[in-house]
Protein chains: 2
Amino acid sequence: MTFTTQTPETLSSQKTRLLARQNTITNTAGYSGANLQANLLILPEKYSRDFHNLCLRNPVACPLLGISSIPGNPHKISPTPCIRNSDFDIRTDCPAYRVYKHGKCIAANKRDLLGLWSANDVEGQQSSENYTAFLLGCSYSFEAALCNAIPPLTPRHQVTNTLVPMYRTSLPLSPAGIFTNATCTVSMRPYHESEVERVRDITRPYLATHGEPIAWGWDAVKRLGIRDIHDPDFGDKVEFGDGEVPVFWACGVTPQMAVEAAGEKIDGLVFAHEPGHMLVTDWVVEDLERLKGGIAAFRAKI
Amino acid sequence: MTFTTQTPETLSSQKTRLLARQNTITNTAGYSGANLQANLLILPEKYSRDFHNLCLRNPVACPLLGISSIPGNPHKISPTPCIRNSDFDIRTDCPAYRVYKHGKCIAANKRDLLGLWSANDVEGQQSSENYTAFLLGCSYSFEAALCNAIPPLTPRHQVTNTLVPMYRTSLPLSPAGIFTNATCTVSMRPYHESEVERVRDITRPYLATHGEPIAWGWDAVKRLGIRDIHDPDFGDKVEFGDGEVPVFWACGVTPQMAVEAAGEKIDGLVFAHEPGHMLVTDWVVEDLERLKGGIAAFRAKI
């Protein structure tokens, strides 16, 4: 696919979603630069209250950008400014999906969820499960802000063109219902010690997409219970320069880890996006200030 | 003080605040049973954004019930349903206050803050500092629900008529601006292992006042980094019966500990309520469901 008049960066959110629907794109990094991208978690409606509480209790790791309005309906997201187009379908508008059963990933890189989730409103079919979808903030947004800083604070993995390194930690999430024993997953970007305060300041306003770092410095590695900083649990390893320290942010893989921890307690399928293959929302960076108090402020207006 | 027609439990929130203003009551436990009580933290306006972010990032330990609307003005709280009476004064309407300087408590059990905070609107005086007040949820509300459960789950310290035991933990708060290296403080109530799920279910809806427990069981003592379960850092020791385990909730002392951790980074005075001597708000238990998404939902309507 070539872009004669537009770069991926300047595509509208709807155009990027259409490309994802047609499965002509994979990694959404850099697409629709003005818009917030979302992690996705879809689970049977009977667990939606517990998962919603998990998000409300752990907003740094699980910042809510939107929730499907009607259980079983894959077309409508609340609050409405999150996704405005009426042809939206959460089963197709991510480039790729994962499927979980009893806390284990049983399928990856699926093009869509049409065969697994027959929506109630499609040709009168009745799905055996009513699914609820949760859209959660993703750190792609603040990475652009770091790149655009003067002088720039470009994340290392963007320089090396690799995946951001991610680690499991021993940092417990506040439990909610069936979601117990879950721990926070973190992403890591190396910075010189002298840059840490500037990095904190730049990412602080992005509370709806993980916000400022949760820990930094070499002593944080042990404090977070990270097994081996040079061997990430997800993504790719990066090198540290002289005087650089690891800086850790809460990571959008956390909800999938919470589903893994819940394990057999979840009866039925759970769906998620394929890491890096995000759902592009209609939220723009200018919405961040109001979103940082949660989506409830927007819900009240609907 | 005797109550001929009304018990403390049935007093209106405004009547309890008037008693506090007149310094005729101390511990507010059991007063105005239908209303939510609040922990109080007041700090110079220049730190209010950081403290607000700390609350938004750590809503289980620091659940926001209200914020003063205008820096320096002790009379108005936003959202307005939190405190409706126009004669309200946050400098007098708690039964007792504490004063912090550079992270250390320098005065306790003060009757009011009138001598320390000259409000901008009082007789044209200009205070040297503009203070912002934060009201944070308190667990008194869910204790009533535990007592009223069938069969009852009355907290042990209510049976022994002592203060709830509280402990410092090693559980880090998500940092926000100057508020780094803060850890969560927890309150503890012993329950039989077989009662834990019922205790979780009953306290879960009270998300605006700490919600369900953050940890339980004997192995949680070590996991939370508690020094000695039989020697609480605040409050009084309680005994465990056969088969009972400690159940831990995030505790409203946490914000004061965050101020201690910030230490010299805070220039100027910080005020808080005296533990147990809470501010009674106009919020009622019926507001909890909407409050659990944060006060932003209410703010949008003001």
Side-chain angles (χ1 to χ4, degrees), chain A residues 49-50 52-61 63-64 67 79 169-181 183-184 196-197 200-201 204-208 210-217 219-220 223-225 248-250 289-302, chain B residues 49-50 52-61 63-64 67 79 169-181 183-184 196-197 200-201 204-208 210-217 219-220 223-225 248-250 289-302:
Chain A
R49 180 175 284 261
D50 284 351
H52 191 186
N53 280 338
L54 185 78
C55 297
L56 293 176
R57 284 165 69 86
N58 300 279
V60 178
L64 274 175
I67 306 178
T169 75
S170 57
L171 197 66
L173 296 193
S174 279
I178 63 163
F179 296 100
T180 57
N181 301 317
T183 51
C184 188
V196 170
E197 281 305 312
R200 293 184 68 209
D201 288 345
R204 184 166 301 133
Y206 291 80
L207 199 58
H210 305 307
E212 64 181 281
I214 60 164
W216 52 92
D219 58 336
R223 210 164 61 236
L224 291 173
F248 299 101
W249 280 262
E289 181 59 24
R290 279 191 68 199
L291 273 172
K292 80 174 193 176
I295 59 174
F298 287 90
R299 281 181 165 256
K301 293 184 68 181
I302 307 166
Chain B
R49 181 175 283 261
D50 284 351
H52 191 186
N53 280 339
L54 186 77
C55 296
L56 293 175
R57 284 165 69 86
N58 301 279
V60 178
L64 274 175
I67 306 178
T169 75
S170 57
L171 197 66
L173 296 192
S174 279
I178 63 163
F179 296 100
T180 57
N181 301 318
T183 51
C184 188
V196 170
E197 282 305 312
R200 293 184 69 208
D201 288 345
R204 184 167 300 133
Y206 290 80
L207 198 57
H210 305 306
E212 65 182 277
I214 60 165
W216 53 90
D219 58 336
R223 209 163 62 233
L224 292 172
F248 299 100
W249 280 263
E289 181 60 23
R290 279 191 69 199
L291 273 172
K292 80 173 193 177
I295 58 173
F298 287 90
R299 282 180 165 256
K301 291 184 70 182
I302 308 167

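All figures in this text were calculated on a predicted structure; none of them were measured in a lab. Per chain, numbering begins at 1; letters A, B, ... match sequence-line order.
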Would a 4.5 Å heavy-atom cut-off, applied to side chains only, mark [X] and [Y] as touching?
| X | Y | value |
| --- | --- | --- |
| A/Phe179 | A/Asn58 | no |
| B/His52 | B/Leu64 | yes |
| B/Asn53 | A/Lys292 | yes |
| B/Leu207 | A/Leu56 | yes |

Over all heavy atoms of both residues, which pair between A/Gly217 and A/Phe248 is shortest? Give the atoms and the distance, please.
-> O-CE1, 4.4 Å

Counting only non-hydrogen atoms closer than 4.5 Å, does [X] touch chain A with its backbone (N, CA, C, O), its side chain (CB onward), both, or neither?
| X | value |
| --- | --- |
| B/Trp249 | neither |
| B/Arg49 | side chain |
| B/Pro59 | side chain |
| B/Ala250 | neither |
| B/Ile214 | both |
| B/Ser170 | neither |

Any donor-acceptor N/O pair, B/Arg57 side chain to B/Leu173 backbone, under 3.5 Å = no

Measure from the side-chain N and O atoms of A/Thr183 to the backbone N and O of A/Leu171, and report whether any donor-acceptor pair falls under 3.5 Å.
-> no

Interface residue of largest heavy-atom contact number with chain A, from B/Ala176, B/Gly211, B/Gly293, B/Pro63, under 4.5 Å = B/Ala176

Flag the one option from A/Cys55, A/Gly177, A/Cys184 with the top tally of heavy-atom pairs under 4.5 Å to chain B.
-> A/Gly177

Of all of A/Ala215, A/Ser174, A/Pro175, which one pairs up most often with chain B through heavy atoms under 4.5 Å apart?
-> A/Pro175

Of the backbone (N, CA, C, O) and the side chain (C-beta and beyond), which part of A/Pro213 lies under 4.5 Å from a heavy atom of chain B, both, or neither?
-> backbone

